S.K.: 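Dropping a structure here in structure tokens format, bear with me for questions.
Each chain gets a letter, A, B and so on, in the order the sequences are listed, and its residues count up from 1. Quantities reported herein were computed from a predicted structural model and do not represent experimental measurements.
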Amino acid sequence: MKTIEKLISDAAVFDGLSEDRLRLIAGCAGNVHFDEDAVLARHGEPADVFYVVRDGSVALETFVPARGAVTIETIGAGEVIGWSWLFPPYAWHFDVRALSTVRATAFDGACLRGKCDDDPALGYELMSRFARVIIERLQWTRVRLLDVYGYGGTR
Amino acid sequence: MAALAEPALAPMAPRPFRVVSRRRETGDTWTLELEPEPGAGAPLGPQPGQFTMLYAFGIGEVPISVSRVDATRLVHTVRAVGPVTEAICGLRPGSVLGVRGPYGNAWPVAQAAGRDVVIVAGGIGLAPLRPALLHVLEHRAEYGKVTLLYGGRTPADLLYRRELDELAARSDLHVNVTVDTADATWRGDVGVVPKLIERADFDPASAVAFVVGPEIMMHFSAEALLARGVGGDRIQLSMERNMRCGLGHCGHCQLGPTLICRDGPVYSWAALQPLVAVREL
Amino acid sequence: MPDVETSVIEPGALDALVDGLRERGYRVLGPTVRDGAIVYDDLASATALPIGWTDRQEPGRYRLERREDEARFGYAVGPHSWKQFLFPPRVRLWKATRRDDGAFEVEDEAAAPERFAFLGVRACELHAIDIQDRVFLGGRFVERDYAARREDAFIVAANCFEPGGTCFCVSMGTGPKADAGYDLALTEILDGEHRLLLEVGSERGVEIARGLPLRPAMPEDLRAAEAAVAGAAERMGRELDTLDLPGLLARTLEHERWDDVATRCLTCGNCTMVCPTCFCTTVEDTTDLTGTEAERVRTWDTCYSVDHSYIHGGAVRPTGRSRYRQWLTHKFGTWHDQFGTSGCVGCGRCITWCPVGIDVTEELAALRDGEEAVP
């Protein structure tokens, strides 16, 4: 458990949490490893887990008919994947696939939700950190919507 | 400085240069290598960051940054976005176009000596940055950690693919390439360039960053660099505006108090930020 | 120093002046009445001067009126400035011919062989010429066509004694007296005998002056000339507080006055055409039908055109608001950063020839007041 605590304390999303809180969270965590091209999650599957990538990179994908698998975003070391565990229906929105061998920490969403119900202050801490992750992702996605490399003229 | 002396031609008269090689980079972008025609004077000897005015006979002239510094050849990477650039991109080896220049100021590579260097490129922006990157790599021992962060619209829109693969294989340089959209065959990052800045490995207290891309992308990149602690005076960008002469006479390339052909195109974010903060300046 | 002392000539001697210049091969250009205005054109003789004419100028209004005397220079300035000769609206820069092997040869356009003599150059106009000298001759690159036209130009200044309704050269420090930059300077005196004081400013001026019927200037001539110019300084049509204009304009880029002027400005660009210092140009690259002969022509341009700031499929300054702001802040503010002086000489042409009568002195005063009003 001590090793897990150290590992999760390095993750930016848990930055600033007290040792007690980290220990609480670590109680819902475990080490995982994925081979290249392994599928971590599929659209529609129950999302009772989220990951913090420690090594390697992961793609958020969706399958578009007649186009194939389209990568929406890639997530790398130190970043979080998965926030569908926060709200019902607790289902993955996208597919998640390992682009390389991946070492990550996996978190049991139901376990954490339980701990947040017991300790609302912990819940607030986690919610505000995840909100920050989601906001940053949204902001960068909005920048991508600008399609800055497209020639904005008559062509 | 023989390269600067115009051989008896007026500053607005182009010198004929012949296309010696032409390589397609993407669907709308080509790299041309040019050599001066006999009697057209010495090779230009541009500095990294400078540009020339390229003339398509009878059609028009456009400012294009130098995309590689070479002893005998003038190298330009051109995107076909209008009648002049389309004509230039259509020139086969053996064709002749006109060249004036080089104009403008250079990337302050000497100033970055002893420091980490972060090169942030978006789209065609990698072209004016390539000479700076190649200079740093040619004098590798003089610099600290070197990072290239490069983004494009899709993998098919990336420039210098083979060169990028070679650069990525080097151990003395970190390369991170990202695209806005990709299918699953792309193994690199998907996401915007400024996001790569957050996780890049450099010392913000002393690093120098060179940034070129669409203006909005440069804006977000500069802010991401500032957020990491890189001072505005160590963030250098290359600006573009409408240019008709390159000589400081036509009045078109003004951005507030500065003339981009004469005082730029390279500026620090510290100098630029108050100007680009005013809409429609 | 020239050995010709400050002298006096009769108005009739201006004929000898024009003749003397023409004999030496100068193309003499000066003020003349045409199309209801005093314009600059070729002068066959001094009788073509606007004898007995004056101008009445207000924002958006220009009329000629008859004077009660026969003053040669009894007006302010008209729609023309000398830039149309030194920096013509349309100049072919070069021609090029494509060879069979694809290469082309550029044939430089020979610089203008003619030598200009400008008769009746105002102090404000001398400053304007100096300002354009800085733009075209003072940088890393010299504008060759301008340099050739400028080099041999002979300048006969005419000190103002009749300022216009839109003049503010005193505020800009550019007049009404011509201090330097002329070969000869005339000050017309109407007090008592109608005569002109003649001062020399160069060796060339001395040479021309020697061919005129001169008499030495007496103390009363000098006093009368001084009084005439001083009188002009007191009757300026406009005033402008020039204190730290560059700073003011840099601080008020989002002032609501810009929205106000934008409702009036037509972005017609008249002001840039009549302004003696505006220098924006564009180039036209053309070819003949066979595609073997090409040429490049340089023409006057205006920052009021949407095309002026076009880049990547759009204009950086698409609105009239930003284009007016560009012009005014450049003229009075960023010109200092770019060329080391103000771009304005206080001639008032932009005020007179604006079809809706926008007055730059009023706009600048409004920006300054608005700033002081902010707590």
Side-chain angles (χ1 to χ4, degrees), chain A residues 10-13 15 36-39 53-81 94-102 132-133 135-155, chain B residues 26-29 79-83 85-86 121-127 149-159 174 176-201 212-221 223-224 227-228:
Chain A
D10 284 340
V13 70
D15 188 40
E36 186 173 327
D37 277 326
V39 172
V53 176
R54 292 202 311 275
D55 236 0
S57 87
V58 148
L60 232 57
E61 288 177 356
T62 195
F63 185 84
V64 178
R67 207 170 133 192
V70 175
T71 309
I72 290 156
E73 192 165 354
T74 54
I75 309 291
E79 297 188 275
V80 171
I81 327 147
F94 299 112
D95 302 336
V96 184
R97 188 165 57 88
L99 289 176
S100 63
T101 55
V102 170
R132 188 171 174 186
V133 169
I135 287 165
E136 273 177 21
R137 295 270 168 90
L138 180 59
Q139 281 168 345
W140 290 133
T141 305
R142 283 173 163 168
V143 172
R144 241 192 307 162
L145 284 177
L146 292 173
D147 194 19
V148 295
Y149 303 123
Y151 179 62
T154 53
R155 293 168 65 87
Chain B
T26 72
D28 62 2
T29 309
R79 187 177 182 194
V81 295
T85 46
E86 273 178 30
I124 189 86
L126 182 56
L149 305 176
Y150 173 44
R153 199 162 185 238
T154 71
D157 295 307
L158 297 172
L159 304 174
H174 185 81
N176 205 340
V177 180
T178 186
V179 292
D180 282 356
T181 319
D183 64 21
T185 60
W186 173 251
R187 314 300 291 195
D189 278 357
V190 174
V192 294
V193 171
K195 189 186 170 203
L196 299 179
I197 291 169
E198 292 170 357
R199 290 185 284 135
D201 181 19
V212 186
E215 208 169 306
I216 188 81
M217 169 259 171
M218 289 201 286
H219 191 113
F220 283 114
S221 300
E223 291 194 338
R228 284 275 318 254

S.K.: Taking the side chain as everything from C-beta on, heavy atoms only, tell me whether W140(A) gets closer than 4.5 Å to E198(B).
M.R.: yes
S.K.: Let's test your reading of the structure: which of L146(A), D37(A), V64(A) forms the most heavy-atom pairs below 4.5 Å with chain B?
M.R.: D37(A)
S.K.: Can you say whether A12(A) sits under 4.5 Å from chain B via the side chain, the backbone, both, or neither, judging by heavy atoms?
M.R.: neither
S.K.: Could you go through T181(B) and V190(B), starting from their C-alpha distance and side-chain angles, then the distance that decides it, and tell me whether this counts as side-chain contact (heavy atoms from CB on, under 4.5 Å)?
M.R.: CA-CA 6 Å; T181(B) 319; V190(B) 174; over 6 Å; no
S.K.: Can you pull out every side chain to side chain donor-acceptor pair (under 3.5 Å) where at least one residue sits in residues 62-71 of chain A? Sequence neighbours excluded, please.
M.R.: none
S.K.: Are any of the side-chain heavy atoms of S57(A) and I75(A) separated by less than 4.5 Å?
M.R.: no
S.K.: Which atoms of E79(A) come close to chain B, meaning under 4.5 Å heavy atom to heavy atom: side chain ones, backbone ones, both, or neither?
M.R.: side chain
S.K.: Which answer fits I72(A), side chain, backbone, both or neither, if we ask what part of it has an atom under 4.5 Å from a heavy atom of chain B?
M.R.: backbone
S.K.: Measure distances from E61(A) to the heavy atoms of chain B and classify the residue's part below 4.5 Å as side chain, backbone, both or neither.
M.R.: side chain
S.K.: Would you check, one step at a time, whether the test salt bridge (Lys or Arg N to Asp or Glu O under 4.0 Å) holds for E36(A) with R187(B)?
M.R.: CA-CA 11 Å; E36(A) 186 173 327; R187(B) 314 300 291 195; 3.2 Å; yes
